[in-house]
Structures are given as structure tokens and as C-alpha cells.
Amino acid sequence: MTKSTRRASTRAAASDRQKTVRNHPSREERGGAVTAREDTATLREDAAGVREEAAGLREEASTVREDTATLREDAVGVREEAAQVRQDLRESQDLLAQTTGRLAEVGGWQLTVTTQTLMWTEEVYRIHEVDPAMKPTVAEMIRFYAPEARPVITAALQAAIDAGTSFDVELPLMTARGRPIWVRAFGIAKRRDGKTIRVYGALQDVTKRKRAEETLAESQRELAAIFDAAADGILLADTEGGKFRSANASICRMLGYSQDELLDLGVSDIYRKEDVAHAVQEFERHVKGESALSVNLRLKKKDGSVFFADVSSAPVTLGSKSLLVGIFRDITERKEAEDALRESAERFGLAVNATNDGMWDHNLRDGTIHFNEPYVAAFGMPSENEDPWRWWTDHVHPEDRDRTLSSFDAAVNGSGDVWKCEYRFRRIDGVWANTSDCAYITRDSAGKAQYLIGALSDITERKRAEDALRESEQKFRAYVEHAPDGVFVIDGAGVYQEVNVAACRLLGYSTEELLHMHASQIVPAEAVGDVRTSVEALRRDGLYSGEVTFLRKDGSRFVGLLSATRITEDRYLGFVKDITERKRAEEEKAKLEAQYLQAQKMESVGRL
């Protein structure tokens with residue numbers, strides 16, 4: 001039975017006893033003593049019930065007190081648990097903010113205007129690379145920015161304080177460790193009663209993005225420079241409709257339009273009416289990938305004139321746009337050259353049989369070679385079943401064969417239009433002739449050699465004359481080198497270009513020292529004018545002869561007889577002979593003759 005149940009039973013028993021007392025027979029009806037005893041017993045029972053009820057009430061009060069204490073303990077626990085939950089929530093929010101800030105490299109800051117107190121979050125300290133224990137001032141914060149950025153952040157912060165103006169700027173900053181970075185500084189003013197009380201905001205390290213932007217900008221500048229500097233014309237056109245979207249300087253120059261004018265045009269606008277259908281068809285083939293090269297297209301300039309171009313292309317996608325890049329190479333000069341060459345070939349065909357040189361033509365596409373009559377008469381020709389190329393290579397002298405074939409291959413596989421080579425070739429009589437071979441090369445639009453027309457000349461006699469001249473020059477040089485007199489060559493400015501051993505010996509200089517010295521540097525100062533006069537005479541008359549006093553390297557002097565003559569327009573050959581001893585002998589002779597004459601005069605006077 002619970003305490004409340006017991007209390008209810010006690011109260012019910014007491015009520016019944018009270019009813020019994022009220023309904024009991026009077027004393028008159030019963031015996032007085034018996035009645036008194038019964039009443040006394042009843043009262044005792046009532047008292048016992050009251051005492052029992054009081055004990056129950058006391059027990060109930062105690063229970064209530066215990067329940068109240070328990071409730072108080074439970075309330076304290078709930079408050080403690082709620083406080084812990086709030087603390088855990090704040091720590092989680094702080095951790096989330098720090099983690100998010102570190103990942104985004106964004107930190108928060110706040111400036112209390114009245115106290116000039118600056119507060120940074122952990123991420124802002126990390127961005128500045130300083131100890132979180134540091135308490136930065138506004139001045140210290142501004143000094144972190146690059147010198148050119150300090151006026152900007154100062155003005156932005158002041159405007160926020162004075163007028164409540166928000167700011168969002170990207171500026172260069174130098175960290176405490178001397179590392180240059182870029183930051184984005186964002187600030188908002190909190191105002192009260194028309195005055196700014198706080199400025200708060202965020203600071204983000206944007207160095208990676210700025211560097212990426214700079215790299216991208218540099219790459220774009222390089223691509224733009226290459227695009228505009230390309231010798232070939234470049235056009236970007238929509239794959240649908242063919243409208244031009246971009247044009248470089250070369251294509252503008254080729255077509256005679258400005259870039260803005262070209263961007264208002266399309267593929268069909270740069271061809272003559274009779275060529276538009278073919279040009280559009282070629283464009284569509286390029287778009288479909290059926291072709292990447294169109295040759296000999298005739299394009300129309302702004303002034304109505306035409307030029308020829310080979311056009312190569314490649315599809316590209318820029319954003320969501322599908323474009324075709326066309327590269328235009330002007331082949332007008334090449335076509336004119338080919339036309340002129342064909343015309344020349346026709347004239348050549350008429351002249352072939354009238355020349356004494358051996359003429360030949362080589363079709364590289366089918367390997368055929370043809371020779372004219374003078375060629376066959378001098379050198380023969382392959383038999384009907386003989387490979388003409390093998391016949392020709394076999395007739396080249398073995399010692400010249402590798403060099404000649406390498407020269408031929410280099411010319412054919414290169415980009416030039418002419419091949420020249422000298423080699424020994426066996427004549428029809430079996431004698432090795434010195435020959436000079438010269439051929440013109442025609443190429444297709446891709447630059448591949450197609451055809452050669454050449455002339456083979458027998459230069460044996462010329463080679464003999466050259467050998468004789470070379471031998472004569474060698475003999476002359478041997479004479480100059482061993483000549484007893486000084487021999488030199490100067491240019492039109494009077495600078496030595498060649499000197500022999502005797503000239504070096506006369507002047508005391510080495511060959512290396514004399515070369516590139518001026519003629520005025522080997523005469524005394526008082527004779528410089530004479531040297532200039534002699535050089536001017538050489539230029540004017542082509543000849544000079546006279547006595548010149550020369551100055552040796554050691555400072556001594558000698559008299560030389562100089563004879564010079566012009567050998568080319570600006571080169572002069574001179575000879576110097578040391579006549580110092582002869583001059584002394586002449587002076588001594590003149591002295592003796594004078595003494596002899598004086599003696600004769602004295603003798604005559606004595607006779608008188």
C-alpha cells in the first residue's frame with residue numbers, strides 16, 4: 001500500500017468513528033458506567049487513528065521533501081548538460097569556421113573605432129605569417145601591404161570610418177617572413193547614431209588565383225603576339241554560316257581590310273562571284289573533316305584585285321562555339337614564278353638545239369630523263385633498256401660521286417629553286433671532263449620538287465686557266481713572301497691588309513701588329529701630312545713613288561723608297577726599299593765633293 005492510500009484509509013476510519021459516536025445511544029438508554037467506558041475506548045481509538053494519520057502526514061511530508069530535493073538535483077544536471085551542449089556546439093562552430101577559413105584561405109577581422117582595437121582570426125594571423133599572440137595595431141597592419149598598396153588600403157579604411165563606405169580590394173602584401181602574396185580585403189562599417197563604431201570584414205589569400213591569372217594573361221599575350229606576328233594569314237570562322245570571328249594582321253594585309261571590317265564579313269565575301277560556289281564547297285569539306293588543305297584558291301581583295309593562296313584548316317571549339325581555323329599562305333609570287341618558268345621552258349625548248357651546252361630535263365614523278373643533241377654528242381646517253389639515273393651516276397667521277405649526289409638530294413629535298421654543282425664527268429671519248437651543272441627546280445603547292453631543267457657545261461679549259469692563274473698567284477705570293485724589300489697592301493682608308501716578312505723586319509712589328517694599323521702610325525709626326533698626300537695621290541692617279549721617312553717600333557728611323565700602285569678600286573700594292581745607307585753614301589759623296597771644290601778654290605787663290 002502506498003503512502004497516499006494509507007492516508008486515505010486513516011481519514012475514512014476516523015470519519016466512521018465520528019459517525020458512530022454521533023449515532024451512539026444516550027446514557028439514559030444504557031448504563032452510565034458502560035457507556036462511559038465505551039466512549040473512553042472510542043476516544044482512545046479515535047486518538048490512535050489521529051496519531052496514525054499524523055504519522056502518515058509526516059511520512060508524506062518527508063516524501064515530498066525527498067521528491068523536491070531530487071527535482072532540484074535533476075534541474076542542476078539538466079542545466080549542466082545544457083551548458084556542456086552549448087559549449088560543444090560553440091567548439092564545433094569554431095572548428096568548422098577555422099577549417100572552412102583555412103580551406104578557403106579566408107579569415108575575419110574587426111576594428112573597434114573608439115579604441116582602435118584590431119582583432120584578427122586565426123586564419124588572418126596565418127596569412128600574415130605572424131604569431132597569434134601578437135596584438136596588431138592599425139599602423140602595423142597597413143605596413144604589411146606593399147608600398148604602392150598602402151595608400152589604397154588606408155583610403156579604403158578611412159572612408160569606411162568617415163562615411164560608412166564598404167570596400168573590396170585586391171592588393172599585394174608582404175608577410176612577416178618576407179613572402180610576397182596577394183590578398184583580397186573586404187570591409188563593412190557598423191554605424192550607430194550616424195557614426196561608425198566598428199569596421200569588420202574578411203581577408204583572403206588570393207595569391208594562387210592572381211598567379212594563375214597572370215600566367216593566363218601572359219599566355220594570352222604570347223598567343224596574341226604569335227597570332228599577329230604570323231607571316232601566314234589566319235581567320236577563325238563559324239562552322240555554320242562561315243562568319244569571321246577573328247583575324248590576324250597578316251590576313252588583313254593580304255585582303256586589304258581592317259580587322260573590324262573583316263569581322264563584318266564571311267567566307268563568301270572574300271571570293272569573286274564565279275569562285276564563291278567552289279570556295280563554299282571547300283569550306284564545307286573542311287568543316288566535315290573531308291579535307292584539311294585547299295590549293296590555288298583565288299581570293300578577292302577589298303580593292304577588287306585577286307591573289308592566290310593555299311588554305312589549310314583545323315576545327316576548334318571555343319566555349320560553346322564551333323569554329324574553323326583557316327591558315328592562308330599567299331602563293332601569288334610562286335605561281336607567277338611557275339608561270340614564268342613554264343614560259344621560260346617553252347623558250348628553252350626552242351633554244352635547246354641551238355646551244356652548245358648539254359641540256360637535260362628530269363621528271364621526278366616518273367623518273368624519266370631527256371638529253372639534247374649537244375649533250376649526247378659530248379657525253380653519250382643511256383641505252384634504251386638502261387636506267388638513265390644509274391647511267392648518269394655511273395658517269396660521275398668516283399671521287400666526286402658522293403659529294404655530287406648529296407648536293408643533288410639536298411637541293412631536291414630542300415626548298416630552293418636552283419641546284420649548282422661542279423664535278424668531273426666522263427665524256428663519250430672516255431676522258432674525264434671538268435663540268436659545271438646548273439638546274440632549275442619546279443615544285444608543287446606543298447613544296448615538293450617535281451621537275452628539273454638543267455645545263456651541263458664542259459669547263460675543262462676554264463679549269464686549266466684557273467689552275468694556271470692559281471699557280472701564277474702562288475708564285476707571286478712566294479716572291480712577295482721572300483722578297484728582300486717590304487711589300488704591303490692597304491685599303492682606301494690607308495689601313496694595312498697584307499704585309500710580307502721583309503716589311504715586318506724593316507719596321508720591327510709582327511704581322512699581327514701591322515695588320516689593321518694605319519699608314520700614319522709608322523711615320524714620324526712631322527711626316528703624317530706627307531703620308532696623307534701620298535694616299536690622296538694614289539686614290540687620284542692610281543700611282544705614287546717617292547722617299548718617305550719611316551718610324552720603327554723601337555723609335556728609330558729609316559728612309560725608304562716607296563712605290564705604290566692601285567690594284568682594285570679600294571686596294572693598293574706598295575713596295576718599300578730601305579735606302580738609308582744609300583742616302584748616307586750620297587750625303588758623304590756630296591760632302592766630299594764640296595770639300596774637293598773648296599780645296600780647288602783655295603788652291604786657285606794661292607796661285608794668285
Side-chain angles (χ1 to χ4, degrees), residues 226-237 239 242 247-255 267 270-272 274-301 305-316 323-346 348 360-370 388-389 405-421 437-454:
I226 294 171
F227 184 74
D228 281 331
D232 292 335
I234 303 176
L235 278 172
L236 273 73
T239 54
N248 74 341
S250 292
I251 196 64
C252 293
R253 187 170 54 253
M254 289 178 185
L255 293 168
V267 173
I270 60 173
Y271 294 93
R272 298 198 307 184
E274 57 269 32
D275 297 329
V276 168
H278 174 67
V280 171
Q281 182 182 19
E282 287 296 298
F283 178 80
E284 291 175 351
R285 291 180 65 239
H286 284 232
V287 170
K288 294 176 182 177
E290 297 174 358
S291 175
L293 176 66
S294 297
V295 299
N296 295 332
L297 292 180
R298 184 167 53 184
L299 285 86
K300 181 184 67 175
K301 297 183 179 181
S305 61
V306 298
F307 70 96
F308 289 87
D310 289 346
V311 182
S312 56
S313 70
V316 295
L323 304 174
L324 190 70
V325 179
I327 300 176
F328 295 72
R329 175 161 295 178
D330 189 340
I331 61 167
T332 304
E333 292 184 0
R334 193 185 77 204
K335 279 192 66 65
E336 291 174 351
E338 290 176 352
D339 292 341
L341 185 59
R342 278 192 293 270
E343 183 180 348
S344 177
E346 292 174 0
F348 167 77
W360 57 272
D361 63 82
H362 187 180
N363 188 330
L364 296 174
R365 290 172 293 188
D366 59 18
T368 58
I369 302 177
H370 299 95
W389 175 255
L405 294 179
S406 296
S407 170
F408 183 87
D409 289 341
V412 168
N413 295 321
S415 58
D417 297 326
V418 177
W419 171 65
K420 291 182 179 181
C421 188
D437 213 345
C438 179
Y440 292 91
I441 307 170
T442 62
R443 302 180 182 275
D444 61 16
S445 60
K448 185 177 181 181
Q450 301 291 306
Y451 198 77
L452 289 91
I453 301 173

Between Asp330 and Arg253 (salt bridge meaning N to carboxylate O under 4.0 Å), is one present in this structure?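 No, no charged N to carboxylate O under 4.0 Å.
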Short N-O contact, Arg329 and Asp232, less than 4.0 angstrom: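 Here Arg329 pairs with Asp232 in a salt bridge, since their nearest N and O are under 4.0 Å apart.
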[X] [atom1] to [Y] [atom2] distance, which is reported to the nearest 0.5 Å:
X      : Y      : atom1 : atom2 : result
Ser313 : Leu235 : OG    : CG    : 12.0 Å
Ser415 : Ile441 : OG    : CD1   : 9.5 Å
Ile270 : Leu299 : CD1   : CG    : 5.0 Å
Leu323 : Thr239 : CG    : OG1   : 7.0 Å
Ser294 : His278 : OG    : NE2   : 6.5 Å
Trp360 : Asp437 : CH2   : CG    : 5.5 Å

Pairing residues for Glu274 by the salt bridge (charged side-chain N to carboxylate O under 4.0 Å, His left out) criterion, not counting sequence neighbours: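 Counting only residues at least two positions away or on another chain, Glu274 forms a salt bridge (charged side-chain N to carboxylate O under 4.0 Å, His left out) with Arg272.
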Would you say that [X] contacts [Y] through its side chain, given a criterion of any heavy-atom pair below 4.5 Å between the two side chains?
X      : Y      : answer
Pro388 : His370 : no
Leu297 : Phe328 : no
Tyr440 : Leu452 : no
Phe283 : Leu324 : yes

Are the side chain of [X] and the backbone N or O of [Y] linked by a donor-acceptor pair below 3.5 Å?
X      : Y      : value
Arg443 : Gly416 : yes
Asn248 : Ile251 : yes
Thr332 : Phe308 : yes
Asp310 : Asn296 : yes

Glu290 atom CD, over 12 foreign heavy atoms within 6.0 Å: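 Yes, enclosed.
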Atom of Val311, atom of His286 and distance for their closest heavy-atom approach: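 Smallest heavy-atom distance, with atoms named: O-CE1, 3.7 Å.
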Mind checking side-chain contact (heavy atoms from CB on, under 4.5 Å) for Asp444 and listing every partner two or more places apart, or none if nothing turns up?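 Checked Asp444 against side-chain contact (heavy atoms from CB on, under 4.5 Å); matches are Ala446, Lys448, Gln450.
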Do the ring planes of Phe408 and His362 sit parallel (below 30°), tilted (30 to 60°) or perpendicular (above 60°)?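 It falls in the parallel class, under 30°.
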Set out, in order, the CA-CA distance, both residues' side-chain angles and the distance that settles side chain to side chain contact (heavy atoms under 4.5 Å, CB included) for Ile234 and Ser250, then state yes or no. CA-CA 7 Å; Ile234 303 176; Ser250 292; over 6 Å; no
